[in-house]
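Below is one structure, written out as structure tokens; comments come after it.
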There are 4 protein chains.
Amino acid sequence: MAFVNNPKYTGVIPPVVTPRSAAGQIDIPSLQRVVEHLIAGGVSGLFVLGSSGEVPYLSNAEREQVMRTIVSANAGRVPILAGASEQTTVRTIEEGAKLLALGADALVVTTPFYALSNAGEIEAHFRAIKAALQVDIFAYDVPVRTHHKLPLDVAIRLATDGVIVGVKDSSGDDVSFRQLLLAAGGIEGFSVFTGHEVVVDGALLGGAHGVVPGLGNVDPAGYRRLFDLAVAGNWAEAAAEQDRLAALFNIVYTPDSTRVSGGAAGLGAFKTALVELGVITSNTMSVPMEALNAQEAAAIRVILDETGLLTAVAS
Amino acid sequence: MAFVNNPKYTGVIPPVVTPRSAAGQIDIPSLQRVVEHLIAGGVSGLFVLGSSGEVPYLSNAEREQVMRTIVSANAGRVPILAGASEQTTVRTIEEGAKLLALGADALVVTTPFYALSNAGEIEAHFRAIKAALQVDIFAYDVPVRTHHKLPLDVAIRLATDGVIVGVKDSSGDDVSFRQLLLAAGGIEGFSVFTGHEVVVDGALLGGAHGVVPGLGNVDPAGYRRLFDLAVAGNWAEAAAEQDRLAALFNIVYTPDSTRVSGGAAGLGAFKTALVELGVITSNTMSVPMEALNAQEAAAIRVILDETGLLTAVAS
Amino acid sequence: MAFVNNPKYTGVIPPVVTPRSAAGQIDIPSLQRVVEHLIAGGVSGLFVLGSSGEVPYLSNAEREQVMRTIVSANAGRVPILAGASEQTTVRTIEEGAKLLALGADALVVTTPFYALSNAGEIEAHFRAIKAALQVDIFAYDVPVRTHHKLPLDVAIRLATDGVIVGVKDSSGDDVSFRQLLLAAGGIEGFSVFTGHEVVVDGALLGGAHGVVPGLGNVDPAGYRRLFDLAVAGNWAEAAAEQDRLAALFNIVYTPDSTRVSGGAAGLGAFKTALVELGVITSNTMSVPMEALNAQEAAAIRVILDETGLLTAVAS
Amino acid sequence: MAFVNNPKYTGVIPPVVTPRSAAGQIDIPSLQRVVEHLIAGGVSGLFVLGSSGEVPYLSNAEREQVMRTIVSANAGRVPILAGASEQTTVRTIEEGAKLLALGADALVVTTPFYALSNAGEIEAHFRAIKAALQVDIFAYDVPVRTHHKLPLDVAIRLATDGVIVGVKDSSGDDVSFRQLLLAAGGIEGFSVFTGHEVVVDGALLGGAHGVVPGLGNVDPAGYRRLFDLAVAGNWAEAAAEQDRLAALFNIVYTPDSTRVSGGAAGLGAFKTALVELGVITSNTMSVPMEALNAQEAAAIRVILDETGLLTAVAS
């Protein structure tokens with residue numbers, strides 16, 4: 001597989017988790033270790049202040065602290081994509097300008113949220129942000145959070161006109177994803193990334209250029225292997241690696257759903273796994289999310305073992 | 001009707017619109033006239049930076065400008081409730097502290113949004129904000145925007161424990177609203193407000209303490225009459241006044257829905273009506289919302305005429 | 001309150017429950033007692049084969065058995081409205097013709113379900129059914145089941161053109177309900193009924209002509225009192241009676257929601273209350289719904305006592 | 001790729017469309033030609049009375065007519081899977097028994113619809129149907145129609161216990177699909193089919209055993225080629241064939257969405273394409289769906305040409 005359209009971004013760009021100390025502060029040394037863990041795993045970029053980074057839960061000062069830490073730890077080794085997660089256009093521009101000043105190479109922007117928008121407003125939103133900031137923009141399509149699906153025709157127009165340099169699709173709509181790949185996947189320099197951890201092999205087979213996996217915090221090397229196998233056309237091996245990663249993804253189903261929210265389950269599982277792997281020191285969550293408990297951590301440890309990650313640590 | 005539970009807040013507390021000049025800036029003189037229009041109409045409070053105030057579309061500087069203008073224009077005549085509209089807990093606390101410093105008497109707080117929460121997190125969210133700020137808090141239940149319904153049992157616990165002083169219900173769930181009234185409507189000092197403009201008579205009949213009507217920007221005196229008739233037990237007249245206001249509410253259905261979003265239709269109609277009534281100078285909307293056009297304004301003028309508001313202006 | 005538009009249907013028309021013996025068969029004597037209980041309570045019609053009658057769970061033979069039993073027990077005392085609950089148009093016409101042959105006076109028809117419809121198809125659906133059967137048709141707006149809201153403009157056109165004689169609104173959209181009342185509530189002979197048990201006072205204040213209360217199976221006399229108080233303009237007393245009925249409605253919240261489905265909770269509570277009141281012999285549910293257990297029945301008994309229904313039985 | 005678990009069903013099993021004459025009757029000769037077209041294309045089974053067969057729109061007599069026609073035309077060449085599409089358990093058993101008597105080899109069963117179910121009821125529903133009919137059952141997971149997602153753990157238990165022989169997944173939830181493949185895809189004799197026409201390559205790469213493509217009515221040979229390429233491990237060619245089929249799938253987006261419903265657009269496009277290909281004589285739809293018009297047919301003809309299907313006809 002060669003990407004004939006010369007996409008600017010390819011490969012594995014995980015949304016970096018935000019470790020907190022047991023006392024609830026941003027844990028800078030742990031965050032620095034996460035960055036090393038990811039770059040050592042072969043990622044091709046870092047997505048800072050994404051949903052997996054608990055961005056809706058961070059104060060403005062914490063957002064800045066996270067950006068500074070990651071930019072400094074990265075030291076220019078891979079591109080920094082930063083999430084400008086605000087409700088609508090002018091707030092996103094304000095937030096985006098801050099993130100660029102802090103060292104972001106590109107911005108990741110959702111549709112408006114909390115607002116009751118339509119397709120026209122969504123398109124105008126992205127165009128206004130691009131016009132104001134003149135920087136690479138990834139459209140982040142995450143209707144489970146924003147409750148607006150990025151319309152396919154809007155995405156294609158934004159791609160064609162160079163307003164966006166890529167799409168990170170977490171829509172869960174695989175049909176629309178394939179249509180986007182067919183219509184825009186070949187635009188010179190454009191990238192289509194999937195955000196769904198367990199269907200990356202199929203996405204790459206369909207022409208996707210990369211993945212933004214929350215689970216990539218736990219096993220960046222696994223996602224890099226999967227990507228490399230796909231690029232090499234070793235699809236059966238890619239699928240086998242994907243199956244292993246899908247088994248690993250089961251860590252997000254270990255928390256007790258009567259206690260832990262959907263948001264806290266996934267992020268909490270990633271953090272808990274990183275504690276088990278020795279990368280971070282605590283699985284403390286942002287207020288008001290609950291951390292996973294010892295029983296849930298034990299269940300995660302079993303899965304890490306079964307999918308070969310504890311061996312990797314020991315060796 | 002006497003409110004036997006001595007609610008601290010009653011009556012009509014409209015969410016104040018945010019006028020913009022044709023050039024898109026906050027229109028301070030128009031906003032000052034809106035405040036006079038509302039207070040002259042007999043409102044018992046002002047809800048600043050609500051959805052009808054386009055709060056998700058305002059920059060941080062604009063939010064501050066709006067607060068300062070309204071607080072100054074109001075000059076202590078009625079209480080100021082201010083919307084602390086941020087994604088989750090710590091951001092809401094940050095925003096709320098700013099608003100209190102600017103003169104808010106109480107805060108209006110939604111469930112978390114963009115976040116994937118559950119009932120436990122929603123309850124913890126309100127408790128943490130109350131603990132941090134120690135101010136009157138209204139829970140604003142608006143699932144069409146936050147996509148989390150404030151659970152009835154959570155609302156009752158928060159009311160019972162004094163965490164919230166009231167609920168503004170824009171949930172559209174009339175069954176839950178009545179259950180809330182039955183369970184919490186009698187708590188000493190507590191208030192239940194409806195946010196639905198066209199069912200206020202029934203809400204008051206069921207025991208509600210007031211209304212937060214976006215349409216109250218256009219006809220505050222009408223809502224005050226409706227409230228007074230209900231308090232006096234003149235239910236048939238209250239229903240007739242409600243019917244007139246429901247007919248007036250049809251202004252929100254005049255915009256072309258293939259062009260104007262759901263959010264822009266309602267707010268745009270309120271602003272356009274205020275232009276027609278001579279209160280503000282332009283119906284310009286926040287980016288990326290489209291303003292209503294001349295044809296839509298003409299249709300609104302007809303409705304204003306039919307419901308007696310143009311006569312009121314002329315006299 | 002006088003209904004100036006001479007509606008053909010007014011008052012309380014409960015959706016009749018379908019009792020089953022412990023062995024799971026339709027319990028004919030219990031069903032006959034339910035009919036007597038309802039007519040003695042002052043209902044103005046019987047809605048047979050509605051959701052509360054478990055119509056989606058009945059075999060074709062059981063549907064016929066239920067119709068025959070109720071028609072025979074009623075013996076012409078009140079009108080019989082029967083639910084023709086099929087997926088789309090021709091199936092509804094087939095089912096409706098059967099019900100008319102069995103003695104229905106009018107049909108209750110939903111929007112299509114399972115199908116992926118639009119407003120045009122919904123309108124054509126009702127028009128085709130009316131053209132084929134030439135009988136009184138109530139549109140039953142229940143998007144929680146059909147997942148299509150009956151569009152307001154469609155309802156108004158169908159009412160204006162005499163295609164439907166009334167609407168039973170279980171949409172939970174109180175704003176749309178008021179708009180329907182304003183636009184169609186005055187059409188000669190037309191009726192707007194609410195299906196929401198706890199907001200009937202407000203609905204009647206707004207001009208509704210009656211109610212189709214599942215809870216009316218348990219306390220038909222209470223709903224009749226509420227209706228009569230409203231018609232007499234005694235709104236404060238109507239609201240007090242509604243409050244008592246809303247407290248009674250809490251029986252539907254007693255079941256353990258981790259075991260009992262949303263559908264089984266409401267219907268199971270009505271049946272369990274009827275067992276406690278001595279009207280029917282078993283609270284057995286249709287397959288695959290679970291019946292309420294002894295603990296849940298005990299909680300229901302407490303509510304029946306608190307709302308005065310056990311006294312009524314004893315006296 | 002070898003299916004190591006010896007699934008009973010594999011390959012391409014299209015949901016057969018139901019042609020109608022211009023006058024609206026079932027068009028028997030056209031339906032017979034569809035069967036020949038499909039079998040000539042290499043399908044491994046026929047799914048009769050599925051959503052693509054307009055099953056919710058057919059009268060009972062029409063359902064029987066369609067079954068008899070297809071069973072007779074097929075003459076035992078491939079297995080017949082028939083959709084028992086009724087609201088809940090006993091109605092599904094009744095319908096299923098009829099279909100078995102008419103020659104079905106297996107039944108396709110959805111979760112309950114119109115009913116307000118939970119996971120327990122869904123599981124009991126499938127178990128009761130299997131117990132009553134003792135036949136191969138495919139669970140058809142189509143939440144866009146039933147509004148209940150077949151829960152993953154329920155599906156796994158039903159598969160493990162032999163209650164279902166397969167799943168047809170039209171849920172649009174690709175993550176859940178992969179988890180089902182991982183957990184149940186290897187159960188001896190079990191089959192997982194995707195219902196999504198444009199992501200079959202990825203589904204097969206992930207271990208799926210086949211596809212139920214509505215678009216397979218139009219191009220059965222294309223889907224068979226895609227399946228064979230995947231089985232042979234020629235993934236790049238499989239993806240290219242999938243891309244061609246995804247381009248062909250664009251026929252469903254040609255209808256004017258302000259006139260034609262979502263349901264009618266897809267099925268209407270398949271029928272219109274079959275008219276263009278000379279397989280059926282009319283694209284008439286079941287009441288109340290509108291047929292595509294000449295302009296929409298012309299747009300479809302262009303797509304058929306671009307994707308090589310008109311050439312195939314000519315040659």
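Chain identifiers are assigned alphabetically (A, B, ...) following the order of the sequence lines, protein sequences preceding nucleic acid strands; residue numbering begins at 1 within each chain.
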For the candidates A:Ala239, A:Ala247, A:Gly206, which exhibits the highest count of non-hydrogen atom pairs separated by less than 4.5 Å from chain D?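 That would be A:Ala239.
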
Quick one: of A:Ala246, A:Gly202, A:Gly172, who has the most non-hydrogen atom pairs under 4.5 Å with chain D? A:Ala246

Do D:Gln179 and A:Asn250 come close enough that some side-chain heavy atom pair is under 4.5 Å?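 SC-SC contact between D:Gln179 and A:Asn250 confirmed.
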
Validation row: D:Gln242, A:Arg178 side chains within 4.5 angstrom (heavy atoms): yes

Let me see the working for A:Tyr253 and D:Leu152 under side chain to side chain contact (heavy atoms under 4.5 Å, CB included), right down to the final yes or no. CA-CA 12 Å; A:Tyr253 302 118; D:Leu152 180 60; 5.8 Å; no

When rounded to the nearest 0.5 angstrom, what is the spacing between CG in D:Leu205 and CG in A:Asp201?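 These two atoms lie 4.5 Å from each other.
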
Distance (rounded to the nearest 0.5 Å) between A:Phe177 CZ and D:Asp174 CG: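 Answer rounded to 0.5 Å: 9.0 Å.
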
